[in-house]
Amino acid sequence: AAKVGKTSLVMSLVREEFPNKVPLRVKEITIPADMTPERVRTHIVDYSEAEQTKEQLYQEISKANVICIVYSVNNKNFIISVSISLYFRVPLILVGNKLDLVEHSSMETIRPIMNRYQDIKICIECSAKNLENISEVFSCAQKAAVHPMGEKAFLLFCPEEKKLKPSCIKALARIFKISDLNNDGVLNDDELNLFHIICFNTPLAPQVLEDVKDTVMRDLNNGLRYDGLTLRGFLFLHTLSILQGLHETVWTVLRRFGYNDSLELKSEYLFPLIKVPPGCTTELNHNAYLFLESVFDKHDKDRDCALSPEEVKDLFSVFPYMPWGPDVNNTVCTNYKGWITYQGYLSQWTLTTYLDVQRSLEYLGYLGYSIIYEQDSQAAAVTVTRKKHIDLQTKRTQRSVFRCNVLGARGSGKSGFLQAFLGRNLQRRIRSREDHKSNYVISTTYVDEQEKYLLLHEVTPDFDILSEPDLTCDVVCLVYDGNDPRSFEYCAKVYEEYFIDSRTPCLVVAAKSDLAEVEQQYSQSPLDFCRKHKLHPPQPFTCNTTEAPSMDLYTRLTHMAMYPHMAQADLNNSTFWLRAGFCAGVFAALGFAVYRVLKH
């Protein structure tokens with residue numbers, strides 16, 4: 001239409017200033033390829049109803065690769081003719097000029113027209129007078145001509161329905177969830193600012209932030225809540241970017257959060273390279289624990305220091321699958337409801353990192369660790385410890401996680417020993433389901449006022465097929481049932497076959513000590529066997545208690561794992577066995593005395 005500023009737009013682009021006098025139209029302008037973002041030569045053709053006929057208009061349209069239809073945003077009665085799109089299948093761009101004359105957007109009026117005609121790809125508002133968005137108008141026109149909507153844009157957006165595709169919504173919903181640091185369902189000003197810094201390396205100007213919220217409030221119901229941007233508003237802004245020809249902005253966001261051109265998380269993002277030499281282990285570092293603590297706090301909505309099943313589901317909603325099964329509840333500490341506690345949550349992460357560091361890196365990737373903490377990759381969350389033989393040589397260790405393999409015959413009490421480490425007595429263990437059983441248990445102990453993680457691994461009692469992982473550990477716990485005469489034989493044979501010449505400290509545990517001890521059908525008694533091989537005397541243990549079982553043995557195992565040289569020095573001392581023998585004699589005498597009293 002006339003008087004909407006078509007010619008002014010072209011002249012403002014070329015001269016980079018608003019013209020004082022505007023002719024009815026300007027002659028065709030050619031912009032060299034090296035001066036355009038798309039690196040293509042561009043011909044801009046103006047049209048004037050006063051100088052040209054409809055036939056001339058149609059002739060020019062037939063040669064066009066893209067058409068810009070200009071209207072004035074301050075004219076409430078404007079009528080945009082889009083009938084030409086029915087005859088000429090080229091991309092159409094709606095350009096709302098004279099933005100300097102209004103304080104509001106015309107998008108609400110334009111959207112029904114855009115929804116009606118699928119050839120209208122973009123609507124962008126500008127001001128020829130203030131040079132606002134002028135270059136963006138012609139940049140969008142070039143992009144629409146060279147990449148009609150852009151192949152990459154089709155991965156994000158359905159032009160027929162004018163809405164984001166499900167895969168794009170899913171990716172953006174994960175990004176929103178990660179950016180919602182307090183998990184209140186909206187992005188407040190600080191969270192929006194951090195999101196902008198993460199994606200575009202610059203903070204949001206306060207006025208821009210207010211303009212964004214004003215746009216959402218004006219054009220979308222439920223886009224804001226408590227002055228924060230909801231997920232619906234977040235998706236709306238990205239839809240708006242695409243409609244305005246700024247789909248690369250959306251791609252910038254997606255790529256920053258790890259997505260590739262197929263809207264899948266890149267393998268190099270989820271599985272960064274990390275080298276773990278033989279003899280080394282993997283642990284989470286301080287920053288990783290701080291991040292995981294913040295994730296826990298974010299999802300512990302009732303502030304009970306435990307994660308309910310609903311809270312766990314919410315935490316892992318950014319994952320493509322549920323990473324933790326029901327066995328986790330028998331692997332780490334839980335509260336009386338069976339919910340994973342704060343300590344249990346950190347313990348499970350520690351276990352995953354120790355056993356399968358690549359899986360741990362993948363999980364951290366889903367949570368956005370490297371993005372929120374501005375690291376090159378998730379690998380920055382992991383510390384690779386030095387080789388174990390160096391610890392043995394220097395008699396010092398910097399590790400925080402120690403592995404104890406628990407071996408024993410079937411029915412010797414290994415599972416009870418593992419569950420007792422989580423503070424569970426026999427009655428509580430009986431109530432747990434067999435199909436939820438775990439062969440791993442991990443929790444914390446304190447040695448020399450230092451918090452350490454002790455990982456217990458129950459080894460399947462198949463003597464002839466013990467594998468390398470069954471033998472690789474920091475300390476060995478050999479468990480036998482003091483009430484079963486054939487139980488100790490397995491422990492003795494395993495020790496003599498696999499550990500007699502190793503530098504791994506071993507501790508023998510006499511489980512079920514609440515029951516009457518019987519003589520073991522082996523060539524030596526457990527005490528004599530330990531004396532012969534310079535092992536600690538058998539340690540009595542029971543989980544059949546009214547209260548939580550004692551933690552003393554687990555602390556001792558951790559100490560032995562940390563200081564294997566000290567355990568050997570103690571055991572090589574002859575006075576140690578004199579003390580052990582004396583104590584054994586005292587206990588035997590006391591037992592005989594109790595027996596006589598009961599008999600009489």
Calculate, to the nearest 0.5 Å, the distance between atoms [atom1] and [atom2] belonging to [X] and [Y] respectively.
| X | Y | atom1 | atom2 | value |
| --- | --- | --- | --- | --- |
| T350 | L355 | OG1 | CG | 10.5 Å |
| N260 | L254 | CG | CG | 10.0 Å |
| T558 | D448 | OG1 | CG | 11.0 Å |
| M560 | L553 | CE | CG | 10.0 Å |

Is [X] reaching over with its side chain to a backbone N or O of [Y], donor-acceptor style, under 3.5 angstrom?
| X | Y | value |
| --- | --- | --- |
| D180 | G185 | yes |
| Y480 | S412 | no |
| S487 | D481 | yes |
| R174 | F257 | yes |
| N329 | G338 | yes |
| Q393 | I390 | no |
| N335 | T341 | no |
| S262 | E264 | no |
| Q378 | Q358 | no |
| T383 | T385 | no |

For [X], is the [atom1] atom crowded, meaning more than 12 foreign heavy atoms sit under 6.0 Å from it?
| X | atom1 | result |
| --- | --- | --- |
| H286 | NE2 | no |
| R396 | CZ | no |
| K266 | NZ | yes |
| E547 | CD | no |
| E374 | CD | no |
| D376 | CG | no |

State plainly whether the residues [X] and [Y] are in salt-bridge range, i.e. N to O under 4.0 Å.
| X | Y | value |
| --- | --- | --- |
| R531 | D528 | yes |
| R359 | E362 | yes |
| D314 | K177 | yes |
| D391 | R399 | yes |
| K388 | D474 | yes |
| D261 | R255 | yes |

What I want to check is whether the side chains of [X] and [Y] have a donor and an acceptor closer together than 3.5 Å.
| X | Y | answer |
| --- | --- | --- |
| E489 | Y522 | no |
| T397 | R386 | no |
| D470 | S467 | yes |

Fill in: Derivation and outcome, side-chain contact (heavy atoms from CB on, under 4.5 Å), residues L407 and Y498
CA-CA 12 Å; L407 297 96; Y498 295 105; over 6 Å; no

Worksheet entry | For F499, the option from L535, N405, V494 that meets side-chain contact (heavy atoms from CB on, under 4.5 Å) | V494

Practice prompt. From the options V479, L456, V459, select the one residue that forms a side-chain contact (heavy atoms from CB on, under 4.5 Å) with K414.
Written response: V479

Worksheet item: Do you know which two heavy atoms are closest between V447 and Y563, and how far apart they sit?
Response: CG1-CE1, 4.2 Å

Worksheet item: Below 4.5 Å, heavy atoms only, C-beta onward: do L164 and L235 meet side chain to side chain?
Response: yes

Practice prompt. State, with a plain yes or no, whether a side-chain heavy atom of T542 is found less than 4.5 Å away from one of T545.
Written response: yes

Discussion item. Run the side-chain contact (heavy atoms from CB on, under 4.5 Å) test on N183 and K301 for me, step by step, so that the C-alpha distance in whole Å, both residues' side-chain angles and the decisive distance to 0.1 Å come before the verdict.
Written reply: CA-CA 9 Å; N183 201 30; K301 295 183 179 179; 3.3 Å; yes

Discussion item. So if I apply the ring pair (Phe, Tyr, Trp, His ring centres under 6.0 Å) rule between F316 and each of Y366, Y345, W324, which one comes out positive?
Written reply: W324

Take the angle between the ring planes of [X] and [Y] and call it parallel below 30°, perpendicular above 60°, tilted in between.
| X | Y | result |
| --- | --- | --- |
| W349 | Y363 | perpendicular |
| F529 | H533 | tilted |
| Y554 | F417 | tilted |

